[in-house]
Amino acid sequence: MTTTIDFLSHLNPSQRQAVEHYCGPLLVVAGAGSGKTRALTYRIANLILKHRVDPENILAVTFTNKAAREMKERIQKLFAEQLAMKEHGQRFDLLTEYEQTKLRSQVWRTYIKDLWCGTFHSLFSRILRFDIEKYQDEKGRRWNRNFSIFDESDAQSLVKEIVTKQLNLDDKKFEPRSVRYAISNAKNQGFSPQEFEREQPNYRGRVIADVYSRYQDKLAENNALDFDDLILIPTKLFQQNEQVLGYWHRKFRHILVDEYQDTNRTQYDLIRLLVTNGEDRKSEWEWQNRSVFVVGDADQSIYSFRMADFTILLEFQNDFGDGLPDEDTRTMVKLEENYRSCENILQAANELIENNTQRIDKVLKPTRGAGEQIYCHKADDELEEADFVIRQIRTLEHQNPEVNWGSFAILYRTNAQSRPFEELLVKNQIPYTVVGGIKFYDRKEIKDVIAYLRAIANPADTVSLLRVINTPRRGIGKATIDNLINAAQQLGTTLWEIISDETSVNTLAGRSAKAVNNFAAMISNYQEQIANLPVSELLMGLLEESSYVQDLQNQGTDEAEDRIQNVQELYNATLQFQEENEDVSLTAFLQSAALSSDLDNLKEGQTAVSLMTLHASKGLEFPVVFLVGLEQGLFPNYRSMNDPAALEEERRLCYVGITRAQERLYLSFARERRLYGSREPALRSQFLDELPEELLTTKSKILQVYTKIPATSNGKQNTTQNWQVGDKVLHKTFGIGEITHVFGSGNKISVAIKFSSLGQKIIDPRVAQLQKIE
DNA sequence: CATTTTTACGTTTTT
DNA sequence: CGTAAAAATG
């Protein structure tokens, strides 16, 4: 294949530097809309094409499964285009459909299939399928490769059981939710129960450490892991077993991490171990044919509640890089040109985020026209707010042929805010999708069916077994189940060992013995067939034999009808899974089910209005964005208002929301909002007051013709002007100030200006109306 | 034992 | 207000 790769010509100099990076560490500071996904995909393609890196030696970590899938698709497309030119001398889209399909599958086999691309959770649970049997924790707990992945509600039930049943503690004082949260945080920082106790040497700390330890016992008994273990256990395994670490270290010569600002301590440890092979001395690190390439933006760090720590990103230069100042470093690139949003939107975002103290100075530089003003709406209450938004949507859609329902997004702080919008959208017959909220795999019927599959794949999974042993009703009551559990405990075996033994059941289960034996026979029958039956057929047989669907049909309610539909969809999901994946084993399916999120199902090019939380909107973009519920206490959330660091995170969240918008941005707040039934007065969010006033409009002259704004030609009048340290300048909003620093030059210039009233600000002189004064 | 009625309790954000 | 767990009833 040729080494001249024409796709490099589509990049700006910084992007190009990132894409062409080969060995060693590189931090890419990528502002919103600066083309970081492009940089990532092109770099992977470049590694393979130009540097002849074998795809199986590349590890690419993304934040969601959807991002992983998209990345693979984009790389596949790049290769397909290259190959089309080379083998057919023609552009890919001019080939016949047959040739396209053939080429696509060829590309998939040679380049994409062996690439390790996914979330931390999916990648490392895959690694655990290989190596978990070599692991033993500090208390000697062990797991095998068929481990179940417990979701948040499974985890919380375990904690609740320990707190109330085992330790007889007051679950008001030790709320399962907050205890579980503390345990999760401990795991995300790499603490074992003992280490946690050392960190918090008080009564509460001791109790939680005890619960944590018992919780691990329970997980091990069930041969199960929670989300956090999927990261923590590989880390501990790598630390205790250098052969295992060595193997993966040699395999993953090129590591890429997207959204690096949202990694936590354990994830960082994992990356560091893989890169350095556990060698602490920097001088010993071997960078030949090896790289670590991370992309992130501290201003978009919004997951600290999940123990994400953006100082990890800020520290990259010292950890892996050359640690040199920005001007001299060879291990950092900043992508600041924004290709997404109009200038007004960017300026608002820039000014908002400058209220934060903890950040890398970085300004989003516009490449597009000024665009419309930002419209701020003051609503009477949440119903009127929704009414305003839907009216705008209808009008804009009506007036502009190039706009479809998919051009709009409604973003809010909490999931609960979606309701009034949904109701009005339904009333207006506007198609919409709510991203997040109740996840598909969280529905009762889906959890039931998945529990059947988990019990089959992992007989030790007592939690799943108990969930389905009497679902649908088989006349196996609480008393018999307690009997069986007791026996298992006495003998120190799993519940399954008892249930699957006919003689034991006959003595223990009394009248229900027959039902239990039938149930056990069904499960063990499928266990034997795991290897022969595809997941879809196994599921089909199971649904039939357990009469799960039959039972729903007998209920005859609308709700039951819905559930049957969902079960049908799960069956479709197994079919799709089998088509798309190499490994189609039951455990692989269960893994993907456990780790899939609702976000992953958001389809591109969908012609429906999108509703989602600000968190869910990260990485997406829309021509028109409505950012709603901008009220003190809601956004910023009241829990964050007394904590400066938390408040800064809320501000970053707002920044993320603003930077989703391409052409138009609407902000709104309500004077009064329903909270738990009662009406509460509300105040406008402080974030609104942090935005530049001249960019906002509150008049309703907004319903003008909506047109795409063309990109500006390179540079504006101010570009050529020479700015020097010491210059006195007049800024349209900030008043008189003095230039203290000049960064970059030409069309990458930005200046720091000290204003007497407002302190120091970094400004792009091409964006701001800046005048030199004598 | 299973269904219905009552009560309490809650909202950040999610892999 | 709406949901989910707890309690009460047939």
Side-chain angles (χ1 to χ4, degrees), chain A residues 61-68 118-125 149-153 155-157 160 164 171-172 175-177 180-181 184 187-188 225-232 259 262-264 266-267 301-308 382-383 411-420 423 435-439 441-442 444 470-481 511-512 555 557 591-600 612-618 629 633-641 643 646-647 649-650 652-654 656-657 673-680:
Chain A
V61 186
T62 61
F63 197 66
T64 62
N65 294 303
K66 179 178 168 248
T119 61
F120 271 108
H121 297 268
S122 66
L123 290 167
F124 287 93
S125 90
I149 299 170
F150 277 7
D151 66 22
E152 213 35 59
S153 73
Q156 239 174 72
S157 323
K160 187 176 178 183
T164 60
D171 64 352
K172 295 262 160 37
E175 281 176 276
R177 216 163 43 96
R180 161 69 193 139
Y181 187 58
S184 180
K187 287 184 171 186
N188 285 323
L225 302 178
D226 64 18
F227 288 140
D228 310 315
D229 287 328
L230 298 177
I231 314 296
L232 182 58
E259 308 284 9
D262 284 323
T263 52
N264 62 41
T266 321
Q267 290 166 339
S301 161
I302 54 175
Y303 281 95
S304 72
F305 67 91
R306 221 167 76 185
M307 288 290 106
E382 76 282 354
L383 299 173
L411 309 181
Y412 36 75
R413 178 67 242 266
T414 66
N415 278 308
Q417 285 167 260
S418 71
R419 183 157 297 130
E423 281 169 7
V435 183
I438 327 114
K439 287 184 220 116
Y441 287 98
D442 280 351
K444 288 158 222 85
N470 199 32
T471 316
R473 315 249 131 77
R474 299 185 175 83
I476 303 172
K478 193 172 180 305
T480 34
I481 291 171
R511 271 178 300 156
S512 325
Q555 291 176 25
T557 59
Q591 175 187 307
S592 100
L595 300 178
S596 88
S597 77
D598 206 50
L599 289 180
D600 304 329
M612 68 189 90
T613 62
L614 287 154
H615 284 89
S617 76
K618 192 166 79 164
L634 184 60
F635 189 30
N637 191 268
Y638 67 97
R639 302 169 95 111
S640 311
M641 288 176 56
D643 176 354
L647 185 65
E649 175 142 321
E650 296 281 313
R652 291 194 291 271
L653 198 51
C654 188
V656 167
R673 185 173 289 271
R674 242 200 161 83
L675 199 65
Y676 309 141
S678 62
R679 307 200 139 278
E680 296 288 338

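Numbers restart at 1 for each chain; the letters A, B, ... are given by sequence-line order, proteins then strands.
If you find the closest nucleotide of DNA chain B to A/Thr119 and to A/Glu650, the one lying nearer the 5' end belongs to A/Glu650. Along DNA chain B, the nucleotide closest to A/Thr613 and the one closest to A/Lys478 are compared, and the more 5′ of them pairs with A/Lys478.
The side chain of A/His615 sits closest to B/dT14 out of B/dT14, C/dC1, B/dT15. Taking every side-chain heavy atom of A/Glu152 into account, B/dT15 is the closest of B/dT15, C/dT3, B/dG10. Among the nucleotides B/dT13, B/dT15, B/dA2, the one closest to the side chain of A/Asn470 is B/dA2.
Taking atom NZ of residue A/Lys160 and atom C1' of nucleotide C/dA5, one finds them 7 Å apart after rounding to whole Å. Regarding A/Arg473, its CZ atom lies at a distance of 11 Å from the P atom of B/dC1, rounded to whole Å.
Taking the six-membered ring for Trp, A/His615 and A/Phe305 have ring centres closer than 6.0 Å.
One distance of note links OG1 of A/Thr266 with CD1 of A/Ile231; it measures 8.0 Å at 0.5 Å rounding.
Defined by atom type and a distance below 3.5 Å, a donor-acceptor pair is present between the side-chain atoms of A/Ser184 and A/Asp228. Between the side chains of A/Thr414 and A/Gln417, at least one donor-acceptor pair of N or O atoms lies under 3.5 Å.
For A/Arg413 against B/dT13, a side-chain-to-base donor-acceptor contact under 3.5 Å is present.
Remark: ring of A/Phe305 overlaps the six-membered base ring of B/dT13 in a stacked fashion, centroids less than 5.5 Å apart, planes less than 30° apart.
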